[in-house]
Number of protein chains: 2
Amino acid sequence: MSTTLRSACPIASALDLLGDRWTLVVLRDVLLARKRSFSELAAPEGIASNILSDRLNRLVDAGIVTREPDPDDGRRRIVLPTARGLELVPILLDLHLWGTRHTAGTAKPQLAEWVARDREAAIASFLP
Amino acid sequence: MSTTLRSACPIASALDLLGDRWTLVVLRDVLLARKRSFSELAAPEGIASNILSDRLNRLVDAGIVTREPDPDDGRRRIVLPTARGLELVPILLDLHLWGTRHTAGTAKPQLAEWVARDREAAIASFLP
DNA sequence: TGGACCGCTTGCTTTTCGCAAGTAAACTGT
DNA sequence: ACAGTTTACTTGCGAAAAGCAAGCGGTCCA
């Protein structure tokens with residue numbers, strides 16, 4: 001569970017945290033789709049609940065999201081992005097653009113177009 | 001080896017290809033450090049040779065790099081990025097910036113600064 | 001011609017993933 | 001107020017992937 005530092009390279013260090021099959025998909029839903037609860041996040045392409053639980057804990061440990069009790073429903077623990085988490089929005093949008101151009105995933109093409117045309121505005125639209 | 005399509009989301013599709021511990025580290029060395037041979041790429045933070053071989057094959061299948069015999073040394077099979085691969089440079093630079101700001105990886109801080117100041121120029125500097 | 005080098009592959013152990021089932025606490029309807 | 005449902009998990013186990021060490025064929029170099 002501890003972040004084993006692979007090297008001094010910031011790309012490798014970032015990937016120690018984000019470089020797996022699910023973490024950035026979860027963050028996509030938190031940062032771009034603004035999903036806030038465990039059960040909303042469980043939908044993503046069928047992630048198993050134990051994996052989702054593990055990834056959320058890692059993201060909390062890394063200071064990318066926080067979790068707080070929902071005042072409206074004591075069963076829920078809301079997931080909220082931190083400033084550090086919000087700085088991942090550009091990466092997610094770049095991935096969206098690259099994926100739209102070069103993979104079979106073609107959902108939300110207008111978002112890709114927006115990112116291509118005015119990246120800064122697109123990024124700002126996902127900030128609080 | 002086949003690209004199992006997880007969903008119509010371009011982010012998920014991109015991560016089907018790139019979302020693991022090594023692929024983007026290999027691409028960092030191909031795209032940013034301009035490494036071209038298997039043995040140069042084997043250095044990255046100690047990737048095992050069977051894993052490197054597998055990742056290079058996947059990247060070739062995905063059209064992100066090509067491999068050609070080295071005219072100067074018949075043992076070598078040079079790794080070259082395609083246009084599709086070069087479009088990953090922005091993502092790698094964003095990861096570098098985020099990693100520099102938020103992880104323990106602090107190598108090449110002047111690159112992060114350049115990306116923050118003039119992203120387009122930094123990207124262009126890694127194109128052929 | 002012998003030895004080193006390059007790009008792998010093979011076999012085996014260890015770690016991680018992923019599914020199914022189960023559980024405690026909190027909410028909801030009657 | 002009690003029964004049933006929902007939420008957010010945890011546990012156990014089999015499957016898949018990662019990682020390590022060794023080996024192997026082709027190529028280069030002295």
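The chains referred to below are lettered A, B, ... by the order of the sequence lines, with proteins before strands, and numbering in each begins at 1.
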Original post:
Do A:D54 side-chain atoms and A:N50 backbone N/O form a donor-acceptor pair below 3.5 Å?
Top reply: no
Subject >> Closest to the A:R76 side chain, choosing from D:dC9, D:dT7, D:dG19 >> reply: D:dT7
Original post:
Any sub-3.5 Å donor-acceptor pair from B:T82's side-chain atoms to B:I64's backbone N or O?
Top reply: yes
Original post:
What are the two closest heavy atoms between A:S13 and B:A104, and how far apart are they?
Top reply: OG-C, 4.4 Å
Original post:
Quick one: is B:W22 getting a side-chain N or O under 4.0 Å of the D:dA17 phosphate, OP1 or OP2?
Top reply: no
Original post:
If the sugar-phosphate is the primed atoms plus P, OP1 and OP2 and the base is the rest, what is the B/S/- string for nucleotides 23-30 of chain D, using protein heavy atoms under 4.0 Å?
Top reply: ---BBS--
Subject >> D:dC9 OP1/OP2 closer than 4.0 Å to side-chain N/O of A:R67 >> reply: yes
**OP:** Would you mind reading off the distance between B:D54 atom CG and D:dG19 atom C1', rounded to a whole angstrom?
**Re:** 13 Å
Original post:
If you find the nucleotide of DNA chain C closest to B:S53 and the one closest to A:N50, which residue's nucleotide is nearer the 5' end?
Top reply: B:S53
Original post:
Any donor and acceptor pair, going by atom type alone, linking the side chain of B:R67 with main-chain N or O of B:R77 inside 3.5 Å?
Top reply: yes
**OP:** Take the protein atom CG of A:L52 and the nucleotide atom C1' of D:dT10, then report the distance between them rounded to whole Å.
**Re:** 13 Å
**OP:** Would you list the pairs meeting ring-ring contact (aromatic ring centres under 6.0 Å, His included) in which at least one residue belongs to residues 44-99 of chain A, sequence neighbours left out?
**Re:** A:W98-A:H102
Subject >> Minimum heavy-atom distance between A:L92 and B:I11, given as atom pair plus value >> reply: O-CD1, 3.5 Å
**OP:** Taking all non-hydrogen atoms of both residues into account, name the closest pair between B:A116 and B:L97 and its distance.
**Re:** CB-CD1, 4.1 Å
Original post:
What is the minimum heavy-atom distance between B:L17 and B:A62, and which atoms define it?
Top reply: CD2-CB, 3.5 Å
Subject >> Greater than 12 external heavy atoms within 6.0 Å of A:K108's NZ >> reply: no
Original post:
In whole angstroms, how far is the P atom of D:dA15 from the CD1 atom of A:I51?
Top reply: 17 Å
Original post:
Of the non-hydrogen atoms in B:V25 and B:P44, which two are nearest, and what is the gap between them?
Top reply: CG1-CB, 4.0 Å
**OP:** List for me each residue that meets side chain to side chain donor-acceptor pair (under 3.5 Å) alongside A:E68, sequence neighbours excluded, and say none if there are none.
**Re:** none
Subject >> Check: B:V30 main-chain N/O paired with B:R36 side-chain donor or acceptor under 3.5 Å >> reply: yes
Original post:
Between the axis at one end of the helix from C:dT1-D:dA30 to C:dT30-D:dA1 and the axis at the other (five pairs apiece), what's the angle to 10 degrees?
Top reply: 30°
Original post:
Considering only heavy atoms, which members of residues 25-47 of chain A lie under 4.0 Å from some atom of DNA chain D?
Top reply: A:S37, A:F38, A:S39
Original post:
Just to confirm, is there a sub-4.0 Å distance from OP1 or OP2 of D:dC9 to any side-chain nitrogen or oxygen of A:R77?
Top reply: yes
Original post:
Closest heavy-atom contact between B:A107 and A:C9?
Top reply: CB-CA, 4.2 Å
**OP:** Respond yes when some side-chain nitrogen or oxygen of B:R21 is under 4.0 Å from OP1 or OP2 of D:dA17, and no when none is.
**Re:** no
Subject >> Any donor-acceptor pair under 3.5 Å from A:D118 side chain to A:W114 backbone >> reply: no
Subject >> Positional range of nucleotides in DNA chain C within the contact set of chain B, heavy-atom, under 4.0 Å >> reply: C:dC5 to C:dG11
